[in-house]
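By convention in this document, chain letters (A, B, ...) are assigned in the order of the sequence lines, proteins followed by strands, and residues within each chain are numbered from 1.
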Protein chains: 2
Amino acid sequence: MNIGDITQRTGIPARTLRYYEDIGLVAPARAENGYRDYSAADLDRLMLIAQARHMGFSLDECRRLAALNADPGRASREVRALAQKNLAAVQDRIARLRALEAQLRALIAQCHGDDQPDCAILEELSGKRP
Amino acid sequence: MNIGDITQRTGIPARTLRYYEDIGLVAPARAENGYRDYSAADLDRLMLIAQARHMGFSLDECRRLAALNADPGRASREVRALAQKNLAAVQDRIARLRALEAQLRALIAQCHGDDQPDCAILEELSGKRP
DNA sequence: CCTTGACCTTCCACCTGCTGGAAGCATTAC
DNA sequence: GTAATGCTTCCAGCAGGTGGAAGGTCAAGG
């Protein structure tokens, strides 16, 4: 299959597929004419990668997931550990963002938001308030 | 003040302060010896920027916040609008991450996580399940 | 007075995960 | 035959920094 077919089936832009080859995430064969010639296995691998990306896995984690997927002797423990690491990272980010949200809300609530220059947000940010 | 003093007072690494100068976010004077010579106003500006970065504002938003802070004729409406745009972005990211979290939890719950190779996570990700 | 160590300077490259454009072949459609 | 896609490569950039090398400066101690 040509790169365009893979794009259609995985939703990954051609550009990104070339990038994935650059970083060694996938290694399609080449046809006589120099075009990338993706095998069914390449497609499978890229499908997995596309899904994993949607689930927030980093490219490096995708690489490991693809390796595990291709390894018949794998232990599902390893896969689960990767997923749990990812979950923890996601939860951490959520926690941080929620704290941020609360702070922003508080800031916004204090600002009049009118034509006048006095602004509680700027006061807070520039540390002019204790 | 030297760059090290600013680092101590703002918590922004010297490296990053130089970067901020490169992108025109701050423009300290230079001493005879070529060292950056930050004024009190520069420090104030960087304090604001450091706080705004903590609140998730982009560098471009920081630039605008700093400009508003320095403008006595500003309308607090503008500051508030910036903050609200940021809040909306944060909320959007939280929503996405929460959806992700739920998906990851579901995946993890289905995987045995033992020595065996069969793994619900890989099955889901590689689309071997409907 | 000299040396040591901390601090400062510049430059250039690298990180993640792409994305954009230009220039140039190959293939396909009409 | 030619025009529109589709493919190739390379180079360059986005955010927001971080890392290292090579070198100038300054303050303190012996």
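If you check every strand for non-hydrogen atoms under 4.0 Å, B:Arg18 touches a base.
Counting to the nearest Å, the P atom of D:dG16 and the CD atom of B:Glu21 are 19 Å from each other. In this structure, B:Leu25 places its CG atom 13 Å from C1' of D:dG17, rounding to the nearest Å. What separates CZ of A:Arg15 from P of D:dC7 is a distance of 13 Å, to the nearest Å. The nearest whole Å value for the distance from the CD1 atom in B:Ile12 to the C1' atom in D:dG16 is 12 Å. Atom-to-atom, CG of B:Asn2 to C1' of D:dT25 comes out at 10 Å; the value is rounded to the nearest Å. When rounded to the nearest whole Å, the span between CG of A:Leu17 and C1' of D:dT9 equals 16 Å. Distance, A:Met1 CE to D:dC7 P: 12 Å, rounded to whole Å. As a whole-Å value, the separation of B:Met55 CE from D:dG16 P is 17 Å.
When the nucleotides D:dT9, D:dT25, D:dT18 are ranked by their closest atom to the side chain of B:Asn33, D:dT25 comes out on top. Checking D:dC10, D:dT8, D:dG24 against the side-chain heavy atoms of B:Tyr35 singles out D:dG24 as nearest.
Regarding contacts with the backbone of D:dG16, every side-chain N or O of B:Tyr20 stays at 4.0 angstrom or more from both OP1 and OP2. Proximity of B:Thr16 to the phosphate of D:dT18: a side-chain N or O atom is located under 4.0 Å from OP1 or OP2.
Between B:Tyr19 and A:Ile3, the residue anchored nearer the 5' end of DNA chain D, judged by the nucleotide with its closest heavy atom, is A:Ile3. Residues B:Asp60 and A:Arg36 each lie close to DNA chain D; by heavy-atom proximity, the contact nearer the 5' end of the strand is made by A:Arg36.
Evaluation of atom-type donor-acceptor distances gives no pair under 3.5 Å for the side chain of B:Arg53 against the base of D:dG16.
If you take OG on A:Ser58 and CG on A:Asn86, they are separated by 7.5 Å, rounding to the nearest 0.5 Å.
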Check against salt bridge (Lys or Arg N to Asp or Glu O under 4.0 Å), B:Asp92 and B:Arg96: CA-CA 6 Å; B:Asp92 189 71; B:Arg96 284 173 203 280; 2.8 Å; yes
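Once you apply a 4.0 Å limit to the heavy atoms of chain B, the touched nucleotides of DNA chain C run 5' to 3' over C:dC7 to C:dT10.
By the rule that hydrophobic residues join a cluster once side-chain heavy atoms approach within less than 4.5 Å of another member, A:Tyr20 and B:Leu125 end up as members of separate clusters.
Screening residues 24-34 of chain B for side-chain hydrogen bond (donor to acceptor under 3.5 Å, both in side chains), with sequence neighbours left out, gives B:Glu21-B:Arg30.
Under a 4.0 Å N-O distance rule, the pair A:Lys85/A:Glu61 qualifies as a salt bridge.
Between the side chain of A:Ser76 and the backbone N or O of B:Gly113 there is at least one donor-acceptor pair closer than 3.5 Å.
When the options B:Arg98, B:Gln103, B:Arg105 are evaluated for a side chain to side chain donor-acceptor pair (under 3.5 Å) with B:Glu101, the one that passes is B:Arg105.
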